[in-house]
Amino acid sequence: MQATATQTNPIISFKHVNKIYDNGTVGLKDINFDIPRGQFLVVVGLSGAGKSTLLRTINRMHEITSGEVLVDNESVSDYKGKALRHLRRQIGMIFQNFNLVKRATVEKNVLSGLVGYYPTWRCVLGLFTPHDRKRAFQALDRVSLTKKLFSRADELSGGQQQRVAIARALMQDPKIMLADEPIASLDPRTTKAVMDTLKRLNREDGITVIVNLHSVELAREYADRIVGLRSGELVYDEPIDQVTEAGLNQIYQTKPEA
Amino acid sequence: MSTPEIPQRPWRQRYHVSAIAWTVTIVVLLILSSMATGANFGMFLANINQFTVLLVQMSHPAWAYLSVIIQPLYETIQMAILGTTIGAAFAIPFSLLAASNLVGNQVLRNLIRLFLDLVRTLPDLLLAAIFVAVFGIGSTAGVITLAIFSFGMVSKLFYEVIETIDMGPLEAMKSVGASKVTIIWYAVLPQILNQFVSYFLYTLEINVRASTVLGYLGAGGIGVYLQRSLDQFNYSATAVIILATLVVVMVIDGVSNHLRRVLL
Amino acid sequence: MQTTLSKEFAPRSLWQRWCWLIWVAIIIAIYAWAIGGLQFSGLQSSAKTVSDSIVKGLLHPDWAYVYNGSGEDLSSLTIQTLAIAFLGTIVSAVISVPFAFWAARTAHERFYLRSGSGKVILTLIRTFPEIVLAIMFIKAVGPGSYAGVLAISIHSIGMLGKLFSESLENMDRGAEEAITSAGGNAPQVFVLATIPTIMPEFISYTLYRFEIAVRSASILGMVGAGGIGTPMIFAIQTRNWPRVGIILLGIIVMVLLIDTLSEQLRKRLI
Ligand SMILES: Nc1ncnc2c1ncn2[C@@H]1O[C@H](COP(=O)(O)OP(=O)(O)OP(=O)(O)O)[C@@H](O)[C@H]1O
Ligand SMILES: [Mg+2]
């Protein structure tokens with residue numbers, strides 16, 4: 001462990017991570033790999049391969065059954081209460097269905113990314129400081145949506161809603177950004193806008209980005225590195241300059257080496 | 001980093017005008033309502049012991065009373081069945097006339113719908129009180145009340161079903177010159193029969209519940225005994241009646257729910 | 001038509017062919033039992049004159065009763081009826097929220113003990129006749145509108161609690177998930193995600209329940225629980241048909257107005 005820490009100082013590392021759901025489904029099987037700081041990592045695999053499960057073990061939205069997940073060289077498994085919330089607030093997460101409060105304004109949605117930094121009573125009363133309001137505006141500026149500051153979230157298109165979700169995650173000032181199929185319900189053009197935004201955050205702010213994708217083409221276009229899952233197992237792991245068509249196809253084989 | 005100034009929200013949004021207006025309206029209405037009704041929570045607490053005495057009595061049901069109320073319980077179900085049937089029978093022609101895909105005449109249709117809307121505004125107990133005055137105390141008043149009540153409800157449910165039917169077979173029969181009655185019999189009825197029966201059963205459930213209290217105003221069934229026991233402060237009998245009613249309602253609900261699942 | 005006919009007469013098994021007969025027999029038996037069991041009072045000898053005077057009375061409503069400044073006239077009592085319904089509905093909506101959380105099934109729950117027990121309680125409340133509740137409250141707080149408010153408050157929990165818990169079960173958990181993943185604690189998730197997501201549906205159900213409560217409030221007076229029902233039953237018992245006519249008219253107008261208003265509001269919510 002010391003060796004890896006001094007070698008690359010990974011921001012996240014998986015050590016023999018297993019996840020078995022309550023109903024016996026195997027979600028993850030002995031996952032082992034490190035993610036260096038600042039990487040743009042894309043996870044690919046068939047539906048049901050365990051991509052969402054993998055992503056959600058990082059911010060403990062899912063519990064693992066055995067093994068260890070380290071964030072900044074600290075095991076996150078025993079975090080509870082405040083410690084867990086502090087872990088989560090430095091990890092932004094965006095979702096396939098955007099998960100906005102549809103009937104609230106864009107500004108409210110973006111500000112709600114601050115929950116981890118605000119005492120409960122101020123959230124309840126909606127008392128956000130002018131400084132944070134300004135930050136919300138700047139976050140929206142980064143996703144080019146300032147015009148929509150006071151629109152209701154459900155009045156926006158899918159791509160715009162996803163960008164609001166990114167702005168919300170930005171309010172957390174995250175070191176890591178997790179994106180679970182962020183473009184699955186978007187058309188090609190908005191897809192590009194969202195992926196470009198993620199890429200820019202990765203390059204400009206040095207945020208480590210981990211994205212689940214279905215599309216191999218997009219993965220090749222944006223990733224620094226691609227990992228592939230099949231039935232909960234890590235079956236592929238290559239930096240982008242060594243990714244080959246043949247290698248990728250192997251991820252999608254239903255019957256492994258049979 | 002130079003960013004443009006944050007735009008200001010319009011003042012209506014900034015000061016949450018509509019949210020505040022709604023809150024104020026509701027609070028004012030609440031205050032006015034409590035004044036109009038003399039609602040006073042303290043009074044309820046002051047009288048809470050009377051209420052608990054009542055509850056204590058009710059928690060000792062006089063099971064012997066069960067034999068007395070079996071017959072009226074049957075009567076209640078019989079009233080509900082007959083009332084619902086009569087109401088549904090009248091509802092069929094009205095719902096056919098109120099369905100926009102069968103009747104082109106908009107004036108007629110709207111008139112019928114208005115009539116149905118009016119019928120539906122009448123609370124069942126009110127009808128019961130009037131029919132007791134006309135037909136005297138007994139189950140006749142109850143059956144007629146339930147018939148009118150179900151008529152209003154079933155008509156609406158029925159015509160909404162009819163409006164969802166597939167017009168294909170209907171058009172086909174029209175093109176070969178079939179009469180209106182033939183069309184309804186062969187092209188409309190088969191499509192809606194199951195849903196009709198399902199709604200009929202649903203209305204029956206509601207009517208069984210309703211019929212248990214109609215008797216309170218003299219319209220027959222178990223409600224008569226409910227009123228009697230309450231008037232005589234015989235709350236342990238009241239408890240038996242309520243429990244028995246509960247069982248009947250749940251059994252009927254269960255049977256009807258099962259039948260409806262089978263049908264649909 | 002040819003095809004449907006031939007399908008109709010396609011050969012079927014004996015059981016299939018005669019199954020319907022059993023159903024017919026059952027239905028006939030039920031109706032025989034229902035009709036045979038009831039004693040029809042038949043028309044009273046006075047029924048003709050009574051219905052004549054009813055029709056006459058209903059056609060000549062007692063307009064003077066609409067407003068006479070006594071505070072016991074149609075307009076004041078209609079307002080009182082609406083007040084009973086409004087207060088009862090709001091109180092009930094507030095009480096229904098904890099009941100809804102109690103009865104809503106959640107994914108992590110084992111054997112559904114909590115939600116199951118909540119559902120049973122709500123069913124019991126729903127089945128307990130509103131009129132009986134009203135009478136019980138009259139014994140406790142005396143006759144008048146307050147008893148009506150209490151009856152509606154309690155009885156409505158049965159239905160509102162059920163509707164609320166169902167919308168909790170079916171609600172979109174996405175926003176809650178997002179706030180949790182941003183480091184929010186339980187109260188923050190509740191305030192920032194759960195409430196704004198679920199509120200419109202709760203309000204819409206409450207409005208719907210208000211429509212029903214207006215009907216209830218207008219009859220609860222018949223047993224002494226305030227509102228327009230009290231003069232109504234009195235007028236019926238004293239055969240004051242013109243008065244019955246005007247009260248009926250008042251109830252119809254009130255119910256129609258409230259239904260329309262509430263429907264408009266509900267449409268704007270969704
Ligand atoms: N809450 C759960 N309970 C039980 N099994 C689950 C649960 N969530 C996911 N699974 C199972 O775990 C496996 C991995 O699911 P996961 O959602 O991680 O796949 P995925 O790769 O994200 O698929 P998709 O591309 O469809 O999103 C699947 O077989 C799935 O059925
Ligand atoms: Mg997934």
Side-chain angles (χ1 to χ4, degrees), chain A residues 22-23 55-56 58-62 79 81-105 108-126 152-154 161 164-165 168-174 177-178 180, chain C residues 93-94 97-98 100-101 105-116 163-164 166-208 264-270:
Chain A
D22 288 344
N23 62 7
L55 218 61
R56 281 154 187 266
I58 298 172
N59 60 352
R60 291 267 311 277
M61 295 300 281
H62 277 343
Y79 284 178
K82 203 167 193 130
L84 177 58
R85 294 201 298 276
H86 280 195
L87 168 76
R88 282 177 177 162
R89 77 178 184 191
Q90 45 179 319
I91 304 177
M93 187 163 201
I94 59 180
F95 307 82
Q96 175 177 345
N97 301 317
F98 325 135
N99 289 0
L100 300 177
V101 177
K102 296 207 174 55
R103 305 174 53 87
T105 59
K108 270 235 171 76
N109 272 293
V110 175
L111 283 169
S112 73
L114 285 168
V115 278
Y117 296 90
Y118 265 75
T120 309
W121 67 274
R122 295 195 68 150
C123 283
V124 170
L125 298 175
R152 249 173 58 166
D154 56 3
Q161 289 193 36
V164 173
R168 173 176 65 188
L170 277 179
M171 291 305 280
Q172 294 170 236
D173 209 358
M177 184 79 94
L178 308 175
D180 192 357
Chain C
V94 172
V97 173
F101 279 93
R105 188 177 272 212
T106 45
H108 314 294
E109 206 182 339
R110 296 230 161 167
F111 308 121
Y112 304 118
L113 275 184
R114 175 184 52 73
S115 64
L163 292 173
F164 285 5
E166 281 169 359
S167 43
L168 279 175
E169 282 168 5
N170 302 327
M171 82 180 264
D172 177 10
R173 302 260 158 202
E176 292 182 344
E177 194 178 22
I179 302 293
T180 309
S181 78
N185 58 21
Q188 286 170 330
V189 170
F190 185 70
V191 172
L192 292 175
T194 316
I195 291 183
T197 309
I198 207 76
M199 213 46 178
E201 223 166 311
F202 276 18
I203 295 178
S204 165
Y205 282 140
T206 305
L207 277 168
Y208 172 61
Q264 291 301 321
L265 283 175
R266 281 195 279 144
K267 239 183 239 155
R268 274 182 38 188
L269 269 173
I270 299 163

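Order of the sequence lines fixes the chain letters, A, B, ..., with proteins taken first and strands second; residue numbering starts at 1 for each chain.
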* Closest approach of C/S181 to A/F95 (non-hydrogen atoms, all atoms of both residues) -> OG-CZ, 3.8 Å
* Asked: Of all of C/A178, C/P196, C/A182, which one pairs up most often with chain A through heavy atoms under 4.5 Å apart?
  -> C/A182
* **More than 12 heavy atoms from other groups under 6.0 Å of CG on C/N170** => yes
* Given side chains that start at C-beta, do those of A/C123 and C/V191 come closer than 4.5 Å, heavy atoms only? -> no
* Structure fact -> For A/V115 and C/Q188 the tightest heavy-atom approach is O-NE2, 3.1 Å
* Nearest-0.5 Å distance, CZ of residue C/R173 to CG of residue A/N99 -> 12.5 Å
* Got A/T120 and C/N185 here, is their nearest side-chain heavy-atom distance under 4.5 Å? -> yes
* **Check: A/M61 main-chain N/O paired with C/E177 side-chain donor or acceptor under 3.5 Å** => no
* Considering all heavy atoms, the nearest A/K102-C/D172 contact -> NZ-OD2, 3.4 Å
* Determine whether C/I179 and A/S112 make a side-chain contact, defined as any pair of heavy atoms from C-beta on separated by less than 4.5 Å. => yes
* To do: Sort A/R56 into side chain, backbone, both or neither according to what part of it lies under 4.5 angstrom from a heavy atom of chain C.
  => side chain
* To do: Taking all non-hydrogen atoms of both residues into account, name the closest pair between C/P200 and A/R103 and its distance.
  => CG-NE, 2.9 Å
* Structure fact -> Closest non-hydrogen contact found for A/V101 with C/L192 is CG2-O, 3.4 Å
* Per-residue contact mode, A/N97 against chain C (heavy atom under 4.5 angstrom) -> neither
* Contact part of A/I94 toward chain C, heavy-atom cut-off under 4.5 Å: side chain, backbone, both or neither? -> neither
* Asked: Are more than 12 heavy atoms from other residues, nucleotides or ligands located less than 6.0 Å from atom OH of C/Y208?
  -> no
* Structure fact -> From the list A/L84, A/V124, A/L100, the residue making the most non-hydrogen contacts under 4.5 Å with chain C is A/V124
